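What follows is a set of notes on a single structure, which appears directly below.
Residue numbers begin at 1 in each chain, while the letters A, B, ... track the order of the sequences. Because the structure is predicted, anything quoted here is derived from the model rather than measured.
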Amino acid sequence: MEEIKQLLTNVCKQLFDLDIMPELTRPDVKFGDYTTNIALVLSAKLNKTPRDVAVMISDKIDSTLISKVDIAGPGFLNISLTDDALVKTMISAAAKPLLGQVAVVEYSDPNPFKVLHAGHLYTSVVGDAIANLLETAGATVHRVNFGGDVGRHVAQTMWAIIDKLGGENPEKLSAIAENERAPWMAECYISGTAAFETNEDAKQLILELNKKIYAIHANKDHDSALSQIYWTCRTWSYDYFDAFYERIGSHFEKYYPESEVADLGLTTVKEQLSKGVFEQSDGAVVFAGEKHGLHTRVFINSQGLPTYETKDVGLIMTKWNDYHFDKSVVITGNEIEQYMSVVLKAIEQFAPELVKVTSHLTHGMVKLKGGIKMSSRLGNILRAVDVLDAAAEANQLATGKNDVDIELGAVKYAFLKQRTGGDIIFDPESSIKLEGNSGPYLQYAHARARSILSKKTLTEKQPITNLEGFERDLTRKVGEYQSIVSQAVTELMPHYICTYLYELAQVFNRFYEQNKVIDDPRENIRLQLVEAYANTLRSGLDLLSISAPEQM
RNA sequence: GUACCCGUAGCUCAGCUGGAUAGAGCGUCGGCUUGCGGAGCCGAAGGUCGUAGGUUCGAAUCCUAUCGGGUACACCA
């Protein structure tokens, strides 16, 4: 592809003495392998008709890679590659544009003392894919997680916990069975939140508790009854998170609790307050975003406590200190998009180099098609396990079996196939289906191709030449993989991979429908194509953190 | 009120750094099976790309206005 671009650049230089960067796109198969619109772009500048320009360029093109150049439509140049060039593209190694770079990807971000909801599942799935993409582009990737182990939500849960324990009685926690811990805390969060909103006395107690919990961290208190309850329950939360990540196959290198970054945030904000980045307002410390077309946000509240904004400042600084990254990606729900703009704008005032390499990627909400029986006991939210259970249930219903790899593949693919940004309407039933654009369809497609390969082992490989129609289509499609991956990397958009893999499987199925592989005179070449296809499929599924079974 | 996101086939979505007849899947209707996994393949019907202007040789894509939906806007996270 780069060779073709270079060729076009050279031709235009010779013909018109113009330096151009030609655009090369992959058109519909019937038009050829590549298309460029340079003739249309140049025609105005040269004061010639697009077709005349196209003819001039076309006549001048001479390359062993190209078998044919057609002029079509208003003046497109449709380029067809030789079989050799096509095969070369198919087996070309992946580009590593980020080689040597350090990337930090932060995602999932669940809060201790709260339940994991569907959004956590979504961001985990997207984050894994983004991290994989950066990794495949050559970067050293650090997957990190962040969560609020201090703050009002914690105080709310703690208030309810203490209430249920009949006071600060940590020894009573042992009465709660291991598998009941997470749901029990989730309930406490619900009742604590309700109390905060409706009960003035409780509200005051919770605000007091909030300060006390900060003090536990400040004093490294592990002795007081309150701190024992706190540390035990925080550990329960982490255990619950770990179990969940294990279940979905996510792995984090580091978990940043808010309590560990809040101090750095606080000192940074205070330091910048004196330099005029932040200002005092009604007893709080704020960043006046209006100057930058944004809105004002509070960084330190009038009680002197850091808000989420300041913790985010601390987090970014901490990540920088830990990794000195070349690229930092933060993935969150889209409801905090404008919030994050303010935080980043504030940081930009004193550390522009960090903000410059930071991307904030947002996603929408997950909604279950047809709704779900909401439990008010659990706060009427769609929990992460509800989504996984829905997929498992659909699989059980459809196949009578439970296969975790298939169920996870179904959920992950359903989440990833859509462009990241908007809401997702998750339909468990169609996600689990092996027909249509689903994860299991691709898993099945892979297993099927492996099954062909398992029947015959190639001892020597013949050169792939004289490609026939469907062989050629498959070769061409497999060859697109690398450019699709680099597009996904550049835009941090995993859905390009999904779209491509699905198209790839369709192209293969067409080939397979028409061509016998085993015991055909072209068996050797076709087996090589099947293998290249299967490897590409597996490689793509790997990027999505979806398993590619050998059989199913 | 201000800012951001979204509006494409009955449903769920691609396509958006402007380019050829706007594409998939599901659903609907019709065909293909003596061949390696038919969980597939081929075909048909189905679209004023929210609406109205503008820029352009060319607009789903860019600009403006407008309607509809969502979200965020001071001490929650």
Partner nucleotide, any strand, of [N] [Watson-Crick/G-U, under 3.5 Å]:
{"N": "B/G38", "value": "none"}
{"N": "B/A20", "value": "none"}
{"N": "B/A72", "value": "B/U2"}
{"N": "B/U33", "value": "none"}
{"N": "B/A44", "value": "B/U28"}
{"N": "B/U61", "value": "none"}

Could you state the [atom1]-[atom2] distance from [X] to [N], rounded to the nearest angstrom?
{"X": "A/Ile452", "N": "B/G35", "atom1": "CD1", "atom2": "C1'", "answer": "11 Å"}
{"X": "A/Leu42", "N": "B/G19", "atom1": "CG", "atom2": "P", "answer": "17 Å"}
{"X": "A/His153", "N": "B/C76", "atom1": "NE2", "atom2": "P", "answer": "13 Å"}
{"X": "A/Lys369", "N": "B/C13", "atom1": "NZ", "atom2": "C1'", "answer": "12 Å"}
{"X": "A/Asp28", "N": "B/A22", "atom1": "CG", "atom2": "P", "answer": "13 Å"}
{"X": "A/Ile425", "N": "B/G70", "atom1": "CD1", "atom2": "P", "answer": "13 Å"}
{"X": "A/Asp403", "N": "B/A39", "atom1": "CG", "atom2": "C1'", "answer": "14 Å"}
{"X": "A/Gln338", "N": "B/U2", "atom1": "CD", "atom2": "C1'", "answer": "9 Å"}

Query raised in the report: When the ring planes of A/Phe278 and A/Phe287 are compared, do they come out parallel, tilted or perpendicular, using 30° and 60° as the limits?
Result: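 Ring orientation of A/Phe278 relative to A/Phe287: perpendicular.
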
Report task. Report the relative orientation of the aromatic rings in A/Tyr230 and A/Phe113; use parallel for angles under 30°, tilted for 30 to 60°, perpendicular for over 60°. Result ->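 A/Tyr230 vs A/Phe113 ring planes: parallel.
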
Say we look at [N] and [M]: how far apart would their [atom1] atoms be, to the nearest angstrom?
{"N": "B/A74", "M": "B/G69", "atom1": "C1'", "result": "27 Å"}
{"N": "B/G7", "M": "B/A14", "atom1": "C1'", "result": "15 Å"}
{"N": "B/G47", "M": "B/U12", "atom1": "C1'", "result": "16 Å"}
{"N": "B/U51", "M": "B/U8", "atom1": "P", "result": "10 Å"}
{"N": "B/C16", "M": "B/G23", "atom1": "C1'", "result": "14 Å"}
{"N": "B/G19", "M": "B/U61", "atom1": "P", "result": "10 Å"}
{"N": "B/G68", "M": "B/G58", "atom1": "P", "result": "32 Å"}
{"N": "B/U56", "M": "B/G10", "atom1": "P", "result": "34 Å"}

Could you check which of [options] has an atom nearest any side-chain atom of [X]?
{"X": "A/Thr296", "options": "B/A77, B/A74, B/C4", "value": "B/A74"}
{"X": "A/Glu335", "options": "B/A72, B/A77, B/G37", "value": "B/A72"}
{"X": "A/Thr499", "options": "B/G19, B/C36, B/A14", "value": "B/A14"}
{"X": "A/Tyr496", "options": "B/C16, B/A77, B/A72", "value": "B/C16"}
{"X": "A/Glu513", "options": "B/A72, B/G40, B/G19", "value": "B/G40"}
{"X": "A/Tyr512", "options": "B/G37, B/A3, B/G27", "value": "B/G37"}
{"X": "A/Ser302", "options": "B/C75, B/C73, B/G38", "value": "B/C75"}
{"X": "A/Glu309", "options": "B/A77, B/G40, B/C41", "value": "B/A77"}
{"X": "A/Arg448", "options": "B/A3, B/G38, B/G40", "value": "B/G38"}
{"X": "A/His495", "options": "B/C36, B/A77, B/A14", "value": "B/A14"}

**Report entry** Most 5' of A/Lys311 and A/Ile424 on RNA chain B, judged by nearest nucleotide
**Finding:**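 Nearer the 5' end of the strand: A/Ile424.
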
Query raised in the report: Which residue, A/Thr399 or A/Gly421, contacts RNA chain B at a nucleotide closer to its 5' end, judged by nearest heavy atom?
Result: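 Result: A/Gly421.
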
Query raised in the report: According to the 5.5 Å centroid and 30° plane-angle thresholds, does A/Tyr444 stack upon the nucleobase of B/G37?
Result: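 The base of B/G37 is not stacked with A/Tyr444 (the test needs centres under 5.5 Å and planes under 30°).
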
**Report entry** Near-parallel close stack of A/Phe76 and B/G19 base (under 5.5 Å, under 30°)
**Finding:**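 Answer is no, no stack.
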
Between the side chains of [X] and [Y], is a donor N or O closer than 3.5 angstrom to an acceptor N or O?
{"X": "A/Gln204", "Y": "A/Glu200", "answer": "yes"}
{"X": "A/Glu491", "Y": "A/Tyr496", "answer": "yes"}
{"X": "A/Ser451", "Y": "A/Gln551", "answer": "no"}

Does [X] put a side-chain nitrogen or oxygen below 4.0 Å from OP1 or OP2 of [N]?
{"X": "A/Asn437", "N": "B/A24", "answer": "no"}
{"X": "A/Arg419", "N": "B/G15", "answer": "yes"}
{"X": "A/Lys455", "N": "B/G37", "answer": "yes"}
{"X": "A/Gln506", "N": "B/G25", "answer": "yes"}
{"X": "A/Arg510", "N": "B/C42", "answer": "yes"}
{"X": "A/Ser451", "N": "B/G37", "answer": "yes"}

Query raised in the report: Under the criterion side-chain contact (heavy atoms from CB on, under 4.5 Å), which of A/Thr362, A/Leu121, A/Leu416 is the partner of A/Val126?
Result: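 With A/Val126 as partner, side-chain contact (heavy atoms from CB on, under 4.5 Å) holds for just one option, A/Leu416.
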
Under 4.0 Å between any heavy atoms, over every strand shown, what does [X] touch: base, sugar-phosphate, or nothing? Just pick one.
{"X": "A/Arg297", "result": "base"}
{"X": "A/Asn111", "result": "sugar-phosphate"}
{"X": "A/Glu503", "result": "nothing"}
{"X": "A/Asn509", "result": "sugar-phosphate"}

Quiz item: [X] side-chain donor-acceptor pair to [N] base, under 3.5 Å:
{"X": "A/Thr35", "N": "B/A20", "value": "yes"}
{"X": "A/Glu435", "N": "B/A39", "value": "no"}
{"X": "A/Asp312", "N": "B/A77", "value": "no"}
{"X": "A/Ser281", "N": "B/A74", "value": "yes"}

**Report entry** Where A/His495 and A/Lys417 come nearest, the two heavy atoms and their spacing
**Finding:**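 Scanning both residues, the minimum pair turns out to be CB-O, 3.4 Å.
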
Requested in this report: Using the side chain to side chain contact (heavy atoms under 4.5 Å, CB included) rule, take A/Thr457 and A/Leu527 through it: C-alpha gap first, then chi angles, then the decisive distance, then the call.
Outcome: CA-CA 9 Å; A/Thr457 309; A/Leu527 278 172; over 6 Å; no

Requested in this report: Please confirm whether A/Tyr441 and A/Tyr444 have ring centers closer than 6.0 angstrom.
Outcome: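 Judged by ring-centre distance (under 6.0 Å), A/Tyr441 and A/Tyr444 do not meet the cut-off.
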
**Report entry** Sidechain N-carboxylate O distance under 4.0 Å for A/Glu523, A/Arg526
**Finding:**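 Salt bridge: no.
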
